[in-house]
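Index from 1, following the sequence. Here the structure is a predicted model, which is why all the values come from computation and not from measurement.
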Amino acid sequence: QVQVVESGGGLVQAGGSLRLSCTASGLTGGDYPMGWFRQAPGKVRDGLACALWASVAIYYADSVKGRFTISRDNAKNTLYLQMNSLKPEDTATYYCAARSRPYDRCSGSGDEYTYWGQGTQVTVSS
């Protein structure tokens, strides 16, 4: 069984920072690409970043480059998203997800991910 659980969301003022965490259990046998996504009410789910192994990322959405940093601690089975210089438009439910094949490519497309967490809410006030 695979379980993905996000945490770390909350309310923050514009310009502030949050760090999201995602613990993935049940993934074994290789390095599974994992990514962060977000979805605002009435909007499609957008891919933000993806990591192949600890502290290595090969994808960032243009909207978060220079502000968000993805990292991965394989020993702890934990994925992180450090979010700095937050803007009101960053308000959304944030999800982490994993692909189903180890050593596959990173992708910003949610259709290419199999395992999803329930999401954690991030609200950025103006």
Any pair with a residue in residues 106-118 that passes salt bridge (Lys or Arg N to Asp or Glu O under 4.0 Å), sequence neighbours left out, goes on the list, sorted by first then second residue, please.
R99-E112, R105-E112
Is there a path of hydrophobic side-chain contacts, each under 4.5 Å between heavy atoms of I/L/V/M/F/W/Y residues, joining L86 to L81?
yes
Could you name each residue pair satisfying salt bridge (Lys or Arg N to Asp or Glu O under 4.0 Å) that touches residues 82-98, not counting sequence neighbours?
R38-D90, R67-D90
Can you tell me how far apart CG (L20) and OG1 (T78) are? Round to the nearest 0.5 Å.
13.0 Å
Closest heavy-atom pair and its distance - S100, Y32
O-CE2, 3.5 Å
Sorted by first residue and then second, give each disulfide bond (SG atoms under 2.5 Å apart) pair with at least one member in residues 94-126; sequence neighbours left out.
C22-C96, C50-C106
Tell me the closest heavy-atom pair linking Y60 and T69, and the distance in Å.
OH-CA, 3.4 Å
Between F68 and W36, does the ring centroid distance fall short of 6.0 Å?
no
What's the separation between atom CD1 in I70 and atom CD in Q82, rounded to the nearest 0.5 Å?
12.5 Å
Can you list every side-chain hydrogen bond (donor to acceptor under 3.5 Å, both in side chains) pair that touches residues 39-50, not counting sequence neighbours?
Q39-R45
Taking the ring of Y113 and the ring of F37, is the distance between their centroids below 6.0 Å?
yes
Pairs flagged by side-chain hydrogen bond (donor to acceptor under 3.5 Å, both in side chains) wherever residues 1-20 is involved - sequence neighbours left out:
S17-N84
Side-chain donor-acceptor pairs of residues 118-126 under 3.5 Å, sequence neighbours excluded:
| unit_1 | atom_1 | unit_2 | atom_2 | d |
| --- | --- | --- | --- | --- |
| T120 | OG1 | G9 | N | 3.1 |
| Q121 | OE1 | T93 | OG1 | 2.9 |
| Q121 | NE2 | A92 | O | 3.4 |
| Q121 | NE2 | T123 | OG1 | 3.4 |

Please determine whether residues V12 and V64 belong to a single hydrophobic cluster, defined as Ile, Leu, Val, Met, Phe, Trp and Tyr linked transitively by side-chain heavy-atom distances below 4.5 Å.
yes
If you take all heavy atoms of D62 and K65, which pair is closest and at what distance?
OD1-NZ, 3.1 Å
Applying a strict under-4.5 Å side-chain criterion to I, L, V, M, F, W and Y, I'd like to know whether L48 and M34 cluster together.
yes
